[in-house]
Enquirer: 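Take this structure, written in structure tokens, and hold onto it; I'll ask about it next.
Letters go in sequence order (proteins before strands), and every chain restarts at 1.
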There are 2 protein chains.
Amino acid sequence: MATTPLRERTRQEILRRAMELFTEKGYTATSLQDIATAVGCSKATVLYHFNGKPAVAAAVLEPAAKLVADLVAEAAQLPPAEAQARLITDFTELAVRFRGLLDVLNDVVPTMDQLPEFHGMVEVGTALTRLLAGTDDPGEIALAGYAIQGLLGECRAPVQRADEELRDLAVTAMRRLLITP
Amino acid sequence: MATTPLRERTRQEILRRAMELFTEKGYTATSLQDIATAVGCSKATVLYHFNGKPAVAAAVLEPAAKLVADLVAEAAQLPPAEAQARLITDFTELAVRFRGLLDVLNDVVPTMDQLPEFHGMVEVGTALTRLLAGTDDPGEIALAGYAIQGLLGECRAPVQRADEELRDLAVTAMRRLLITP
DNA sequence: GTCTATACGAAGATAGAC
DNA sequence: GTCTATCTTCGTATAGAC
């Protein structure tokens, strides 16, 4: 074996607990000490495995980010109208499923420039917006961005709303915004 | 004179500098020490005039919040369709004008429950959403909330966009979302 | 009443012993 | 690889000078 299992085991345990805490209390309200206590190690150990708190956030977001990236890559192979229809339902579904983590994403956006882990996410976001617009018209692309902001905002909003209800709302909103008769 | 000018002068100076710093660097990234240094006083002085950092935020947001509250109160007197049309243009205009402060609002939302200064803002937001929907249908009210989230998200987004461009985008989006032919 | 000096606990982060 | 100890800075609280 090339990699030592011990390193990976600790890393994964930190990630598991961090995700739980971020989902429960939010990113800002969760301290490195909270994570360390939940794992049963010291703050310094957490910072040995991850290069700062934003790096923990990046690692927690990574699985969801990969699903979005894969979805966008698939959609890019389809004709524009089909790609748009596919993303309206499937990207919405992913956003709702991982909505507990959107608070982490939001708190981390301001520091994205400095974090190399996030550079890929920006490009995926750009591609997603263009495919969601279904055209290269700048006005429609801007509306697609507006639609995404609305979706992410609703997912993070403190209003109690069932997953299915939220999905239906977002799909209706995106169709009205982006599918012009 | 009932009020001493000195107190008011210091208070206003703190507010002025805090607003500048919040707009430049964001709420979280601005410390009480930053504000005190900019004003030329000590941290303790800032906390003598304002009961904690969130209270500074509340005071900074207050003028904008009052304009929104007044606008909503005016719109509430109009027939539904006129109120909706009025809010689409005028609320958008206010959001764009004060977009530098929306980051403050965003960072403060999670603690709104505990801050009495903000309780009025929640009610105004509810009334705004209902009037923007133009109807009492829960589905349309939810879409109005989605429209507001989209607007606020776009205003806070790091994308460079001129004020007029942003206004046009939001007005177009709101009309597509809320005015059903 | 107005403000400064000082101190406290918790945060993120680093250095070095083991 | 993990720890303890330590650093800086944050928001906050209080005592007391003027």
Side-chain angles (χ1 to χ4, degrees), chain A residues 1-18 21-22 24-60 103-104 107-108 110-112 114-118, chain B residues 1-18 21-22 24-60 103-104 107-118:
Chain A
M1 278 288 268
T3 66
T4 116
L6 178 58
R7 182 190 180 88
E8 208 44 38
R9 213 165 36 85
T10 308
R11 213 188 117 95
Q12 290 304 320
E13 181 65 10
I14 292 170
L15 238 38
R16 215 173 56 83
R17 297 295 189 171
L21 288 166
F22 288 162
E24 284 168 24
K25 317 196 306 172
Y27 174 73
T28 310
T30 301
S31 70
L32 293 176
Q33 186 61 64
D34 291 336
I35 299 170
T37 302
V39 171
C41 69
S42 73
K43 264 197 301 183
T45 299
V46 176
L47 287 165
Y48 168 76
H49 287 278
F50 299 94
N51 197 14
K53 197 183 174 188
V56 180
V60 166
D103 178 59
V104 181
D107 278 32
V108 127
T111 66
M112 266 197 179
Q114 300 138 27
L115 274 286
E117 296 94 327
F118 292 122
Chain B
M1 274 292 266
T3 64
T4 115
L6 178 58
R7 180 188 183 87
E8 209 43 38
R9 216 166 35 85
T10 309
R11 211 188 117 95
Q12 290 304 320
E13 182 63 9
I14 292 170
L15 237 37
R16 214 174 56 83
R17 297 296 188 170
L21 289 166
F22 288 162
E24 284 169 25
K25 317 196 309 172
Y27 174 73
T28 310
T30 301
S31 70
L32 293 176
Q33 186 61 63
D34 292 336
I35 298 170
T37 301
V39 172
C41 68
S42 72
K43 259 197 312 180
T45 298
V46 177
L47 287 165
Y48 169 74
H49 288 279
F50 298 94
N51 198 16
K53 195 182 176 188
V56 180
V60 166
D103 177 59
V104 180
D107 277 31
V108 127
V109 164
T111 66
M112 268 196 178
D113 299 351
Q114 299 138 27
L115 274 286
E117 296 95 327
F118 293 121

Enquirer: Tell me which one of A:D107, A:I35, A:D103 satisfies side chain to side chain contact (heavy atoms under 4.5 Å, CB included) with A:F22.
Expert: A:I35
Enquirer: side-chain hydrogen bond (donor to acceptor under 3.5 Å, both in side chains) with A:E13: which residues, sequence neighbours excluded?
Expert: A:R16, A:R17
Enquirer: By a strict heavy-atom criterion of less than 4.0 Å, which residues belonging to residues 27-43 of chain A are in contact with DNA chain D?
Expert: A:C41, A:S42
Enquirer: Can you tell me how far apart CG (B:L32) and CG (B:L21) are? Round to the nearest 0.5 Å.
Expert: 11.0 Å
Enquirer: Do any side-chain atoms of residues 45-56 of chain B form donor-acceptor pairs under 3.5 angstrom with protein atoms, and if so which ones, sequence neighbours left out?
Expert:
from  : atom 1 : to    : atom 2 : distance (Å)
B:T45 : OG1    : B:S42 : OG     : 3.3
B:Y48 : OH     : B:R7  : NH1    : 3.3
B:K53 : NZ     : B:Y27 : O      : 3.1
B:K53 : NZ     : B:T30 : O      : 2.8

Enquirer: How many angstroms lie between CG in B:L15 and CZ in B:R11, if you round to the nearest 0.5 Å?
Expert: 6.0 Å
Enquirer: Quick one: salt bridge (charged side-chain N to carboxylate O under 4.0 Å, His left out) pairs with a partner in residues 32-46 of chain A, sequence neighbours left out?
Expert: A:K25-A:D34
Enquirer: So where does chain B start and stop touching DNA chain D, 5' to 3', when the test is distance under 4.0 Å to a non-hydrogen atom?
Expert: D:dC10 to D:dT12
Enquirer: Let's see if you get this right: which residues in residues 47-55 of chain A place a heavy atom under 4.0 Å from DNA chain C?
Expert: A:L47, A:G52, A:K53
